[in-house]
Amino acid sequence: TCGICVEKCPFDAIEIINLPSELENDPVHRYGDNAFGLYGLPVPEPGSVTGILGPNGIGKSTAVKMLSGELTPNLGDHADEATWDAVLERFKGTELQNYIERVIEGEVEVARKPQYVDQIPKQFDGNTRELLERTDERGVLDSLVERLSIGPVMDQDIDSISGGELQRVALAATLARDADFYFLDEITPYLDIGQRMTAARLIRELADDGERSMMVVEHDLAILDLLADTLHVTYGEPGAYGVVTDPKSTRNGINEYLKGYLDNENMRIRPDSITFDEHAPREITRSQVLFEYPDIEKSYGDGEFSLSVDGGAVHESEVLGIVGPNGIGKSTMAKLFAGQLEPDEGELDFQLDIAYKPQYIEIDQPMRVDAFLSSIADDFGSSYWDTEIARPLQLNPIMEQSLTDLSGGERQRVAIAACLSEDADLYLLDEPSAHLDVEQRVQATTAIRRYAENHDATVMVIDHDIYMIDLLADRLMVFDGEPAVHGQASRPQGMRSGMNDFLGDLDITFRRDERTGRPRINKPGSQLDRQQKGDGEYYYSR
Ligand code: ADP
Ligand code: ADP
Ligand code: MG
C-alpha cells in the first residue's frame with residue numbers, strides 16, 4: 001500500500017476510501033496548476049513550544065513563510081492576486097485569527113533557524129564572534145556561548161568550524177534575537193544527546209518568558225517529545241500535497257504517528273505501526289562469535305586525541321549499537337574496524353568482508369544513482385532488492401539523478417543502500433539517521449533490521465537517535481571519556497547495562513508511555529527520575 005488509503009488501494013479501487021477529507025476543501029496555498037498544495041496551518045502560541053512532526057517536502061517551510069508574512073496565502077486560487085483580507089476572512093473565528101491580524105499589522109517579528117546549517121558559511125563571511133554579535137538583540141550572548149560550549153570556536157572563521165559547532169552557533173544566533181515568533185527547522189542534526197538536551201532546554205526557557213511563540217520541526221522523537229507542548233502532525237505526499245493537522249497533545253501526536261494512524265482525522269499514514277519493548281532484549285548467547293578483537297589504542301598527531309578500545313567479541317547475526325558523545329572516537333573506531341586506519345597498539349587481523357558507510361559520505365562521481373547502485377548490488381533491479389532496499393529507502397524517485405546533485409538526505413539513503421547491497425560479513429553504519437526526516441528514519445530502521453534478520457548479517461550502528469538505537473540494537477558498545485581528548489570504548493554489553501552506563505553518564509532517565517510502552521525522557525528531579533536513578537534503572541522498566 002502507499003499508506004494513503006485504509007482499506008483499499010486507489011490504483012485498483014473503484015472507490016477511493018479515506019482520502020483526507022481536507023482535500024475536498026481549498027488549500028491554504030497552492031503554488032500553481034497541479035503544483036504543491038498545503039492544507040491547514042500550524043498555530044503559533046505565545047508562551048508555548050509548538051512541534052511539527054512529519055516528512056520533509058510536505059509544506060513546513062511554506063507554512064512558515066505565510067506565518068511570517070513573507071508569502072500571502074492564495075487560498076488555492078493562484079490566478080488571482082492573493083490578499084490578506086481574504087485570508088483573514090477564511091480564518092475568522094479560528095485560533096489563527098489574532099495571529100494573522102498581527103501579521104497584517106506588521107507586528108510579528110520572526111527569528112528563523114534554517115534547516116541546512118551547512119549553507120551558513122556560504123552566506124556569511126567572518127568569524128563566530130562577528131556573526132553572533134550581530135544577532136544579539138537580547139544581550140544574552142555570553143550565557144548562550146557558555147551553555148552551548150561555543151567558546152572554543154568564537155574566533156574561528158565560520159567556514160572552518162564543524163557541523164556540530166555550526167548547529168550550535170546557528171541556535172545561539174536565532175535564540176539571541178528579540179522576536180515574537182521563533183521558527184527552528186530541526187535542532188538536533190550533528191548534535192549528541194547531551195547537546196540536544198541543552199538546545200531543548202534553551203528553547204523551553206525562551207518560551208517560558210510567556211510572550212514568545214516557539215515552533216520546532218524535529219525528527220528525533222525523544223527530543224520532540226521532551227520539548228513540545230502541542231504538536232501538529234503533517235502528512236500527505238511530499239512534493240504533491242501536505243496536510244497540517246489541528247494541534248494534538250505531544251504525547252498523542254507522537255503515539256498516533258508511530259501507530260501510523262491519526263485518530264481525530266481518521267487517517268492511516270503508514271501501513272505498519274512501530275512498537276517498543278519495555279524490556280531489554282535477551283542477550284544472544286547461543287549465536288557464534290563472528291570475530292574477536294584485542295585491546296586497541298589509537299591516537300592522532302602528537303596524542304592530542306587518544307582512543308582506547310576494550311577488547312571483546314562480536315557475534316554472528318547481531319546488531320550492535322554504538323553510542324557516546326561527539327568527539328569521543330566512535331568514527332575513529334569504525335575506521336579502524338573498516339581497515340581505513342591502523343591501530344597504534346593491538347592487531348585487527350580478522351579475515352572478514354566489511355561493508356562500511358562512513359559518517360561523512362563522499363559519493364561525488366558524476367554518475368546516476370541507478371548506475372552506481374547496480375555496480376554494487378548483484379541483485380539490483382530484482383523484486384527482492386526493490387522490496388528490501390529501494391522502497392523502504394525511497395530510492396525509486398531518485399534513480400535517474402546524478403550522485404552529485406543529491407541532497408543530504410538523498411545521499412544518506414543511497415549510501416545506506418550501497419552498504420547493505422554489498423555481500424559482506426559485517427555491515428558498519430556510522431550515523432545513518434543523519435539528514436533523514438522522521439519517516440525516512442522509521443523506514444531505514446525497518447530496512448536495516450529486516451536486512452540483518454533475513455541475511456543473518458552482523459551489523460554495527462553508530463547513532464545519536466535513541467529510538468533508532470532501541471529499535472535496532474541487540475547489544476551496546478558505550479563510549480565515554482573527555483571529548484576531543486580521550487575516548488574509552490566498553491566491550492559490547494547487554495542493552496540494559498549498556499543503556500544504564502550511557503544514560504548514567506548523561507544523567508537522563510526514561511519512563512514508559514502508559515499506553516504504548518514508548519520511552520519518554522523524565523523531567524530531571526521528578527519523582528520517577530529520582531526513583532529510577534536510585535534503582536540504577538535508566539532506561540528499561542522491566
Ligand atoms: P518542507 O519545509 O516541509 O520540506 P516546503 O514547504 O519547503 O516543504 O516545500 C513543499 C513543496 O512545495 C515542495 O514540493 C516544494 O518543491 C514546493 N515548493 C516550495 N516553494 C515553491 C515555489 N516557490 N513554487 C513552487 N513550488 C514550491
Ligand atoms: P566521534 O565519531 O565520536 O564524534 P571521532 O572519532 O570523529 O569522534 O573524533 C575523535 C577526536 O579525534 C575528535 O577530537 C576529532 O577532532 C579527532 N580527529 C578525528 N580525526 C582526526 C584526524 N584525522 N587527525 C587528527 N584528529 C582527528
Ligand atoms: Mg563520528
Side-chain angles (χ1 to χ4, degrees), residues 27-39 41-42 52-67 70-71 74 78 112 114-116 152-153 161-165 183 185-186 190-195 215 217 219 232 234-244 298-309 322-338 340-342 357-361 397 407-409 428-435 437-440 461-464 477-489:
V28 173
H29 191 78
R30 190 187 296 289
Y31 282 113
D33 281 331
N34 296 319
F36 181 83
L38 177 66
Y39 297 80
L41 276 179
I52 301 185
L53 169 60
N56 285 330
I58 212 87
K60 298 180 299 280
S61 307
T62 301
V64 168
K65 272 188 203 137
M66 297 187 250
L67 294 176
E70 221 174 286
L71 172 72
N74 61 21
H78 49 87
R112 197 180 322 195
Q115 180 176 17
Y116 301 112
V153 298
I161 68 179
S162 74
E165 288 156 351
F183 177 69
D185 199 348
E186 290 199 64
Y190 303 115
L191 302 188
D192 62 36
I193 294 186
Q195 295 165 335
M215 196 172 278
V217 175
H219 304 296
H232 296 273
T234 59
Y235 62 95
E237 217 171 292
Y241 73 93
V243 182
V244 182
K298 173 74 191 173
S299 61
Y300 288 117
D302 306 330
E304 293 106 63
F305 176 80
S306 65
L307 168 70
S308 312
V309 180
I322 300 169
V323 292
N326 278 334
I328 206 79
K330 302 182 300 300
S331 294
T332 300
M333 188 195 70
K335 286 177 198 156
L336 290 166
F337 275 36
Q340 296 201 344
L341 280 178
E342 287 292 319
K357 186 203 80 67
Q359 177 174 6
Y360 300 104
I361 303 159
S407 72
L428 200 54
L429 298 147
D430 195 346
E431 298 204 20
S433 79
H435 304 297
D437 69 34
V438 64
E439 188 59 22
Q440 291 162 348
V461 181
I462 300 171
D463 214 276
H464 294 300
M477 195 170 185
V478 181
F479 278 67
D480 64 9
E482 190 181 339
V485 179
H486 178 71
Q488 175 80 40

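Whatever order the structure lists ligands and atoms in, that order sets their numbers, starting from 1.
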Under 2.8 Å from the Mg ion (ligand 3), which protein atoms of type N, O or S occur, listed by chain and number?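 Hits for the Mg ion (ligand 3) below 2.8 Å: Ser331 OG, Gln359 OE1.
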
Atoms in ligand 1 flagged as close to [X], the criterion being non-hydrogen separation under 4.0 Å:
X      : value
Asn56  : 4 (O)
Ser61  : 1 (P), 2 (O), 6 (O), 7 (O)
Gly239 : 14 (O)
Thr62  : 5 (P), 6 (O), 9 (O)

Looking at every non-hydrogen atom in both residues, tell me the closest pair between Tyr300 and Thr332 and how far apart they are.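 So the minimum-distance heavy-atom pair works out to OH-OG1, 2.8 Å.
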
Closest heavy-atom pair and its distance - Val244, Leu41: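 The answer is CG1-C, 3.9 Å.
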
Between the main-chain N or O of [Y] and the side-chain N or O of [X], is there a donor-acceptor pair closer than 3.5 Å?
X      : Y      : value
Lys330 : Ile322 : no
Asp430 : Ala334 : no
Asn56  : Asp437 : no

So Tyr31 and Phe36, would you call those rings parallel, tilted or perpendicular, with 30° and 60° as cut-offs?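 Plane angle between 30° and 60°, so tilted.
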
Flag yes if more than 12 heavy atoms outside Glu342 fall under 6.0 Å of its CD atom; otherwise flag no.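 Incorrect, the count does not exceed 12.
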
Verify side-chain contact (heavy atoms from CB on, under 4.5 Å) between His435 and His219, making sure each step is shown before the conclusion. CA-CA 9 Å; His435 304 297; His219 304 296; over 6 Å; no

Measuring only between side-chain heavy atoms, which start at C-beta, is Glu70 closer than 4.5 Å to Arg112?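 Result yes, sub-4.5 Å side-chain heavy-atom pair found.
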
Can you check side-chain contact (heavy atoms from CB on, under 4.5 Å) on Ile462 and Gln359, steps first, answer last? CA-CA 9 Å; Ile462 300 171; Gln359 177 174 6; over 6 Å; no

Measure the spacing between CD of Glu186 and CD1 of Ile52 and express it to the nearest 0.5 Å.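 Reported to 0.5 Å precision, the distance equals 12.0 Å.
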
Dump all N/O pairs between ligand 2 and the protein below 3.5 Å as a table: atom names plus distance, one pair per row.
residue: ligand 2; atom: 2 (O); partner: Ser331; partner atom: N; Å: 2.8
residue: ligand 2; atom: 2 (O); partner: Ser331; partner atom: OG; Å: 2.9
residue: ligand 2; atom: 3 (O); partner: Ile328; partner atom: N; Å: 3.1
residue: ligand 2; atom: 3 (O); partner: Gly329; partner atom: N; Å: 3.0
residue: ligand 2; atom: 3 (O); partner: Lys330; partner atom: N; Å: 2.9
residue: ligand 2; atom: 3 (O); partner: Lys330; partner atom: NZ; Å: 2.8
residue: ligand 2; atom: 4 (O); partner: Gly327; partner atom: N; Å: 2.7
residue: ligand 2; atom: 6 (O); partner: Thr332; partner atom: N; Å: 2.9
residue: ligand 2; atom: 6 (O); partner: Thr332; partner atom: OG1; Å: 2.5
residue: ligand 2; atom: 8 (O); partner: Gly329; partner atom: N; Å: 3.1
residue: ligand 2; atom: 20 (N); partner: Tyr300; partner atom: OH; Å: 3.4

